[in-house]
Structures are given as structure tokens and as C-alpha cells.
2 protein chains.
Amino acid sequence: MEWKSTLEPREDVLRAAGWLFTTQGYTSTSTREIAAAAGLRQGSLFHYFKRKRDILAELLDRTVDFPMGLHARLAEMNLEPEVKLYLLSRGDVSNILAGAHNLGALTLLPEVRTGEFASFWEKRSQVRDAYRVLIEAGIASNVLDDLELDLATDLVFGLIESTITWFDRSSMRGREEVAEATASAALRVVLRDSGDLDRIRQAANLPGDWVVRSGASKDGESPSPAASRLLPIRSARQGHRA
Amino acid sequence: MEWKSTLEPREDVLRAAGWLFTTQGYTSTSTREIAAAAGLRQGSLFHYFKRKRDILAELLDRTVDFPMGLHARLAEMNLEPEVKLYLLSRGDVSNILAGAHNLGALTLLPEVRTGEFASFWEKRSQVRDAYRVLIEAGIASNVLDDLELDLATDLVFGLIESTITWFDRSSMRGREEVAEATASAALRVVLRDSGDLDRIRQAANLPGDWVVRSGASKDGESPSPAASRLLPIRSARQGHRA
DNA sequence: GTCTATAATATGATAGAC
DNA sequence: GTCTATCATATTATAGAC
């Protein structure tokens with residue numbers, strides 16, 4: 001299997017950088033490597049991104065687009081908070097596991113956790129807040145246990161995102177299977193009676209699986225990691241001499 | 001509050017590097033920075049460590065010492081598997097949160113996840129296996145739900161270690177409070193009847209709190225992060241000229 | 001829009017004086 | 001055991017030709 005260029009150099013750069021940043025780290029990845037993997041020369045990167053960190057910033061912003069959209073769609077639906085919590089969790093995990101390269105891992109880069117990238121962290125805290133509000137409502141209606149709200153939110157959100165660190169894309173386990181199991185586990189953490197889980201799962205499947213489908217990254221554009229590390233997406237462009 | 005030298009330069013180097021690696025990342029931290037924070041000159045580092053990565057390797061190895069020891073001590077005790085699982089989880093989290101700098105975050109560095117540092121990953125997989133065996137036994141005795149074993153292990157272990165990413169050392173929340181809540185949450189993920197939790201908690205407190213205490217890093221050597229970033233632990237050594 | 005060439009700087013590691 | 005000095009190399013970003 002081989003990379004295919006989007007014919008959009010800018011997208012090729014983002015895809016190459018996404019792969020390299022998540023596997024090697026930000027500082028360890030040189031602009032030369034990114035350019036080579038995108039079929040460009042080092043200097044040409046700066047036609048599309050003024051600085052290296054702008055590439056990272058754009059990739060980071062994209063990681064929150066899906067959960068934000070999912071949250072917005074759920075907000076318009078008439079469902080119990082615990083059912084929404086299940087659907088948000090399952091969709092969020094499914095999306096995290098979806099792409100070819102583990103983009104969620106960008107969040108864990110030390111360079112990202114330094115107070116820079118404030119606009120990203122702002123959006124991200126809105127995602128956390130979506131969880132928090134649902135948990136709060138579930139506690140109010142007595143379906144969820146009366147735990148300290150912020151601690152419960154950290155535990156649930158932490159469990160969801162832990163999939164970033166342990167899911168193995170080369171394993172046999174299916175993405176939807178893991179998403180389902182993780183969402184169920186998240187609910188068990190906060191549920192007063194874990195026997196409610198069956199009811200919640202059923203209620204979640206009634207609206208159809210549109211929630212999971214509608215915004216998730218398309219599969220199938222997975223590169224062969226081993227190959228893509230060395231080969232450029234496409235051969236170098238015309239220019240004077242390659 | 002101010003750093004105090006151990007008078008053991010080698011330990012000072014490790015402490016400084018631990019702080020810098022976890023906050024800035026490995027590649028982003030220069031040997032000059034480490035040396036300065038440890039009260040040495042750049043070249044002098046290489047008297048204690050042949051290469052930069054040896055500093056990281058030693059720090060990594062130390063992060064598994066505590067859970068390995070705890071596991072060994074629990075193995076000798078006569079307790080139900082679910083009680084051991086609770087004690088292992090609580091002690092593990094308590095230790096993760098204990099040190100002044102979030103050493104667990106070293107595990108998440110992209111440079112560490114590249115197949116190098118094999119001896120560390122070997123030991124780490126033994127820790128995961130300790131969880132796995134306890135979960136397996138709990139399923140066999142019908143106290144834990146009959147989930148797929150490896151998936152359940154990933155969820156539990158992932159939840160435990162998620163504290164690395166979300167616990168805020170500057171917050172008001174106490175370390176033992178979070179350890180207790182996280183261990184309880186981990187059990188709820190796998191417990192057949194979450195009503196068992198009270199019994200487990202009580203059984204866990206009978207052997208005394210020796211498990212949590214005996215090996216945990218001593219608190220109180222916390223540096224002021226803001227200050228320590230710029231100030232050396234101690235002023236430069238005698239040498240010819242500083 | 002892509003290339004080549006280069007500036008300005010930072011890096012890990014070594015050699016050798018004391 | 002610590003320092004100074006230095007080597008060889010790699011880095012991001014810019015300038016200017018085509």
C-alpha cells in the first residue's frame with residue numbers, strides 16, 4: 001500500500017506532519033523530513049505555513065472539530081443525559097481511533113502543553129465541558145451517582161482519551177468494538193446502578209447510528225506506516241532540478 | 001521555596017532532567033539546560049552519563065520500581081483478587097501523583113515510544129500483567145464481569161494511568177482522595193455488582209495503610225516550578241572560572 | 001509555487017588543562 | 001570531577017532566481 005497525493009500540497013504537508021509529529025514528536029521532526037514526506041523541498045514549506053508551529057496548530061484544531069460537532073448535534077436531540085453521555089463517549093472514541101495516524105497523540109506532546117496553543121486548549125475545554133454538563137444532569141436526575149462533579153468528569157474524560165495511549169492500530173480489535181466497550185466503561189464509572197447500561201445502550205441505538213457515522217473520518221486512507229516513513233507521498237515537483 | 005542540592009551531582013542531574021523532560025520534552029531540552037539546572041557545565045554531564053539518552057533511560061526505569069514492588073508485596077498476601085486489584089490501583093495512582101514532577105509523563109514522550117528503551121517497556125508490560133492476572137482471577141471467581149480479558153485490562157490500566165494526563169498538582173484536590181476515587185472507578189469498570197465496592201474498600205483498609213506508605217516517594221521536596229526553571233539548584237562549582 | 005543557497009544559531013559529544 | 005574550548009553537524013527561516 002502506498003501514499004497517494006491529494007494534489008493539494010497543503011494537505012499533503014499536513015498529512016505528512018501529522019504522521020511524523022505523532023510518531024517522532026514535534027521537535028524531533030525537522031521541516032526537511034516533513035517536506036520530503038510531502039514531496040517538497042524544505043524551503044517550500046514556508047509558502048504554505050509561515051512557521052513550523054503553524055502546522056502543528058492547524059492539526060491540533062482539527063482534532064476538536066469532530067467532538068464539537070457531535071456535541072452540537074446531540075444538544076438538539078431529546079434524549080436522557082445518560083444516553084447522550086453514552087453517545088458522546090462512543091462517538092468520541094470512535095473518531096479518535098478512526099484516522100490512519102493517531103492524531104489524538106498530538107494533545108500529549110510536551111510542546112503543546114506549555115500554554116502556547118491557547119486557542120486549541122480553549123476549544124478543548126469546551127469539549128470537556130460537554131461531558132461535564134451531561135454528568136451534572138445525570139446526577140440531578142439521580143441516574144448517576146452523586147460523585148464530586150469535576151473529579152467524575154476527569155475520570156470519564158480521562159478514560160475516553162486513554163484510548164489514545166493504548167489502542168493498537170495494528171491489532172485485531174475492531175474500532176467500533178473498542179468504542180462501545182470504552183463508552184460502556186465510562187458509564188459504569190458514574191452510573192448508580194450498572195444494570196441501567198442495557199437500557200442506555202438500547203436507547204442509544206434507536207436514533208440510528210447516524211451519530212457515529214455522520215462526521216467520523218473516512219477510513220481506508222490508511223498508509224502503510226513502514227513504507228510511508230521513507231517514501232515521499234509523490235516524487236518531487238518539476239522545479240529546476242530535483 | 002527553593003531547590004536544595006542532594007550534594008550528589010548525579011542525583012541533581014536526574015532531578016533536573018526529570019523536571020525539564022516532563023515539562024518541555026526530551027528533544028526540546030538541551031544538555032546545557034540540564035547542566036545549568038543541576039549546577040554544572042554542559043560538558044560535565046558526560047562524566048555521569050555517557051549519552052543524553054542514558055539520563056532518560058534511568059528515569060524511565062525508576063518509574064516502574066514502585067508498582068513492581070507493590071505487586072510483589074501483594075502477591076504474598078492472602079486477599080481476594082478484587083481487593084488486591086483495588087490496592088494495586090490505589091497505590092499505583094498514589095505513587096504516580098506523589099513526586100514533585102510528573103515523572104509518569106516520561107512514558108508518553110514520543111521519543112520513548114519508538115522501540116528503543118526496550119528494557120523499560122519489558123518491565124512495564126510486567127506491571128500491566130499484574131493487573132491482567134488479578135482481573136482474570138476476579139472473573140474466574142465471578143466477582144468481576146465476564147469481559148474480554150485484554151480489553152478489560154487496557155481499560156483499567158488506561159484509567160489508572162490517565163491520571164498522568166489530567167491530575168493538576170497545583171489544584172486543591174488531595175492526592176489520596178484522587179487515588180481512592182480512581183481505584184474505585186477502575187473497579188466499577190469491571191465489577192459485576194458495583195455494590196461490592198464498599199466491602200472491597202473495607203477489606204482493603206484492614207491490612208493497614210502500609211501498602212500505600214511503604215514505598216511511595218516522599219513528598220515535600222516539591223520545587224517551585226516557576227523558580228526552578230531559571231535558577232540552578234545550587235551555584236556553579238569551584239572549577240577554574242564560573 | 002517551487003527551487004537553490006545561505007544566514008544565524010543551536011545541538012550532542014569529545015579533548016585536554018587543572 | 002569539573003571546567004573551557006571546540007568540532008562536526010543539524011536546525012528554522014529568509015532571499016532571490018525562474
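Lettering follows sequence order; numbering is per chain, from 1.
Taking a 4.0 Å limit (strictly below) on heavy-atom distances, residues 25-34 of chain A reaches DNA chain D at Thr29(A), Ser30(A), Thr31(A), Arg32(A). Contacts of residues 107-114 of chain A with DNA chain D (heavy atom under 4.0 Å): none.
A salt bridge does not link Glu111(A) to Arg53(A): none of the charged side-chain nitrogens sits closer than 4.0 Å to a carboxylate oxygen. Between Asp61(A) and Lys123(A) a salt bridge is recorded (basic side-chain N to carboxylate O distance below 4.0 Å). Between Arg51(B) and Asp54(B) there is no salt bridge, since no side-chain nitrogen of the basic residue lies less than 4.0 Å from a carboxylate oxygen of the acidic one. By the 4.0 Å N-to-carboxylate-O rule, Arg10(B) lies close enough to Glu58(B) to be salt-bridged with it. For the pair Arg132(B) and Asp150(B), the salt-bridge criterion is met [side-chain N within less than 4.0 Å of a carboxylate O].
Taking atom CD of residue Gln42(A) and atom C1' of nucleotide dT12(D), one finds them 7 Å apart after rounding to whole Å. Rounded to whole Å, the distance from CG on Leu20(A) to P on dT12(D) is 12 Å. Remark: C1' of dC18(D) and CZ of Arg41(A) are 15 Å apart, rounded to the nearest angstrom. Atom C1' of nucleotide dT4(D) and atom CZ of Phe46(B) are separated by 15 Å, given to the nearest angstrom. One interatomic measurement links the two molecules: CG of Leu40(B) to C1' of dT4(D), which rounds to 14 Å at whole-angstrom precision. The separation between Phe49(A) atom CZ and dT2(C) atom C1' is 16 Å, rounded to whole Å. With rounding to whole Å, Lys52(A) atom NZ is found 17 Å from dT14(D) atom C1'. Atoms CZ (Phe21(B)) and C1' (dG12(C)) sit 12 Å apart, rounded to a whole Å.
For the 3.5 Å distance criterion, the side chains of Ser125(B) and Trp121(B) fail to qualify, holding no donor opposite an acceptor. No hydrogens or angles considered: a donor-acceptor pair under 3.5 Å links the side chains of Ser28(A) and Thr27(B).
Scanning both residues, Val189(B) and Leu155(B), for their nearest heavy atoms gives CG1-CB, 4.3 Å.
Contact between the side-chain N/O atoms of Ser44(A) and the OP1/OP2 oxygens of dG1(C) is not found at any separation under 4.0 Å. For Arg51(A) and dT12(D), the shortest distance from a side-chain N or O to OP1 or OP2 is not below 4.0 Å. A close approach under 4.0 Å does not occur between any side-chain nitrogen or oxygen of His47(A) and OP1 or OP2 of dT2(C).
Taking the side chain of Pro9(A) as heavy atoms from C-beta on, and the options dT12(D), dT2(C), dT14(C), the nearest nucleotide is dT2(C).
Geometric assessment of Lys52(B) against the ring of Tyr26(B) yields a positive cation-pi assignment under the 6.0 Å and 45° thresholds.
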